Number of protein chains: 2
Amino acid sequence: MNTLAEENYLKSIYHLSLNAENVSTNQLAALLNTKASSVTDMLKKLADKELINYTPYQGVTLTPPGEKIAINIIRKHRLWEFFLVEKLNFKWDEVHEMAEEMEHISSNELIDRLDRFMGYPKYDPHGDPIPDCDGKFKVHDLKPVSAIEINESGIICGVRDHSAGFLQYLEKQGLTIGKKIKVEDIIEFDRSMILQMETKTVQISREVANNLLITL
Amino acid sequence: MNTLAEENYLKSIYHLSLNAENVSTNQLAALLNTKASSVTDMLKKLADKELINYTPYQGVTLTPPGEKIAINIIRKHRLWEFFLVEKLNFKWDEVHEMAEEMEHISSNELIDRLDRFMGYPKYDPHGDPIPDCDGKFKVHDLKPVSAIEINESGIICGVRDHSAGFLQYLEKQGLTIGKKIKVEDIIEFDRSMILQMETKTVQISREVANNLLITL
DNA sequence: AATAAAATTTAGATTAGTCTAAATTTATTA
DNA sequence: TAATAAATTTAGACTAATCTAAATTTTATT
Ligand SMILES: [Mn+2]
Ligand SMILES: [Mn+2]
Ligand SMILES: [Mn+2]
Ligand SMILES: [Mn+2]
């Protein structure tokens with residue numbers, strides 16, 4: 001099996017791969033809160049294990065086995081987050097750090113039973129898709145609120161920023177997963193947006209609009 | 001916080017302390033599957049942290065803070081075992097290894113909520129008491145089946161050996177937690193015992209009788 | 001009490017993961 | 001395209017946890 005550090009590197013490479021073909025040493029160092037030199041060492045180790053394709057100075061990609069491991073860790077992370085919110089009544093901004101530990105519990109039998117126990121949820125508390133036991137999941141096509149025009153509407157289905165502060169802010173505004181919103185106006189000056197909701201109207205900055213994801 | 005290795009040492013010292021005042025280096029090495037020299041190194045470290053009282057060559061005892069940590073880990077271990085059996089339908093012989101990993105999940109808030117979620121269970125699947133969030137628990141006074149006489153009876157409340165093999169054997173014989181048994185006969189030759197149960201009669205070796213615990 | 005055996009500690013290495021500082025390679029820009 | 005800046009790797013060191021082999025201390029046995 002793989003060490004905790006190896007698993008965290010694979011997971012990070014997977015996440016960064018969604019935005020760029022090749023993942024760079026510095027991107028990993030920033031995400032993992034470590035130094036570039038430490039990253040280089042680990043990349044050599046993962047390349048030796050054939051979990052990544054590594055060309056010095058050129059960044060890395062996951063091999064199929066490496067991707068499989070990464071997706072399995074993400075599956076565990078999101079299922080545990082779902083458990084913490086749905087069964088233990090934690091709030092969506094409280095669960096990430098705990099899930100960071102729990103995702104490394106090794107048993108797949110355990111996670112498959114947890115999945116069944118919860119009724120095979122498709123999305124985690126932040127709207128992210130939960131891979132099934134074969135690693136398959138829908139990548140539903142979300143766009144930031146900032147990408148739609150006046151009078152267009154959508155349903156909140158995810159967030160780009162997972163920080164507790166941002167999630168708490170959204171919670172307070174009632175901007176949570178599943179809520180329907182419609183753009184009532186866009187302020188010229190700073191392009192902040194006025195959103196019409198079920199029972200009220202809220203104004204959000206461009207920054208927030210960029211990090212709040214919807215389906216049409 | 002403490003490392004995983006430190007937590008495992010404290011837990012092992014706690015368990016061994018139940019049978020002997022001072023815990024020796026070799027006892028720990030045997031239980032932790034490591035070498036005596038490694039144990040010595042760790043004992044120095046734990047003594048520096050004031051989690052154990054260590055006198056070279058004389059063995060160790062836990063300090064109050066050390067004991068508190070040990071009991072908290074045991075609480076987590078047993079609550080997770082209960083969860084795995086009661087909620088995820090694992091068998092009692094399947095959960096120990098998973099709980100060995102899960103007991104190191106750090107959040108106490110998580111474990112307290114898990115405790116509530118399950119209705120504050122008092123005993124784990126093997127009959128061992130689960131400490132409450134203050135570390136308190138009943139040490140109910142059990143005796144091995146081998147300690148009672150012909151015609152005496154009792155209720156199975158625990159096991160001394162927690163190995164999967166032993167637990168599976170008991171399961172197959174129907175000798176599980178809560179079952180009532182009565183000693184029908186003791187064979188002279190090897191002191192094996194014939195137990196009368198609800199619907200049948202089973203014969204167990206002295207070895208088994210020594211490891212099966214009952215209340216009267 | 002002297003000697004042998006057992007238990008324990010010390011000495012010196014090793015591995016995983018990390019770090020700083022220096023060297024090297026790649027990318028940018030004048 | 002030559003100089004400069006940025007990114008990355010290499011070199012050398014450190015900590016935690018482990019090991020083997022040797023030295024020391026305690027315990028048991030003549
Ligand atoms: Mn998360
Ligand atoms: Mn999530
Ligand atoms: Mn157990
Ligand atoms: Mn147990």
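In this text the structure is predicted, and so the values were computed from the model without any measurement. In what follows, every chain begins at residue 1, and chains take the letters A, B, ... in the order their sequences are listed.
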Return the residues of residues 52-59 of chain A meeting this criterion: a heavy atom under 4.0 Å from some atom of DNA chain D. Order them by number, or give none. A:Y54, A:P56, A:Y57

Any donor-acceptor pair under 3.5 Å linking the side chain of A:H96 with the backbone of A:S163? no

Hey, does the side-chain of A:S37 have a donor or acceptor N/O within less than 3.5 Å of a partner on the base of C:dT20? yes

Rounded to whole Å, how long is the line connecting atom CG of B:D41 with atom P of C:dT14? 16 Å

How close or far is atom P of C:dA27 from atom CG of A:N26, stated in whole angstroms? 13 Å

So does B:L167 get a backbone contact from the side chain of B:W92, meaning a donor-acceptor N/O pair under 3.5 Å? yes

For B:D190, does its backbone N or O pair with a side-chain atom of B:R206 as donor and acceptor, under 3.5 Å? no

In whole Å, I'd like the distance from the CG atom of A:L43 to the C1' atom of D:dT8. 10 Å

Protein-nucleotide distance (B:N22, atom CG; C:dA7, atom P), rounded to Å: 16 Å

Sugar-phosphate, base or nothing in reach of B:T25, heavy atoms under 4.0 Å: sugar-phosphate

Would you say A:E101's side chain and B:S106's backbone share a donor-acceptor pair under 3.5 angstrom? yes

When rounded to whole Å, the CG to P distance for the pair B:L28 and C:dA7 reads 14 Å

Give one of base, sugar-phosphate or nothing for A:A36, where a contact means two heavy atoms less than 4.0 Å apart. base

B:E7 CD - D:dA16 P separation (whole Å): 16 Å

For residues 129-145 of chain B, please give each side-chain donor-acceptor pair under 3.5 Å, one per line with the distance, not counting sequence neighbours.
unit_1, atom_1, unit_2, atom_2, d
B:D132, OD1, B:D134, N, 2.7
B:D132, OD1, B:G135, N, 3.0
B:D132, OD1, B:K136, N, 3.0

How long is the line joining CD of B:Q27 and P of C:dA7, in whole Å? 11 Å

Among D:dT20, C:dT18, D:dT10, the one nearest B:K35 by side-chain distance: D:dT20

Quick one: is A:S38 getting a side-chain N or O under 4.0 Å of the C:dT18 phosphate, OP1 or OP2? no

Does a side-chain N or O of B:K44 approach OP1 or OP2 of C:dT10 to a distance below 4.0 Å, or not? yes

Whole-Å gap separating C1' (C:dA16) and CG (A:L4): 12 Å

Considering only heavy side-chain atoms of B:T3, the closest of D:dA16, C:dT18, C:dC19 is D:dA16

Salt bridge A:E7-A:K11, side-chain N to carboxylate O under 4.0 Å: no

Please table the atom pairs, donor to acceptor, closer than 3.5 Å between any side-chain atom in residues 26-42 of chain A and protein atoms at least two apart or in another chain.
unit_1, atom_1, unit_2, atom_2, d
A:Q27, OE1, A:S24, N, 2.8
A:Q27, OE1, A:S24, OG, 3.4
A:T40, OG1, A:A36, O, 3.2

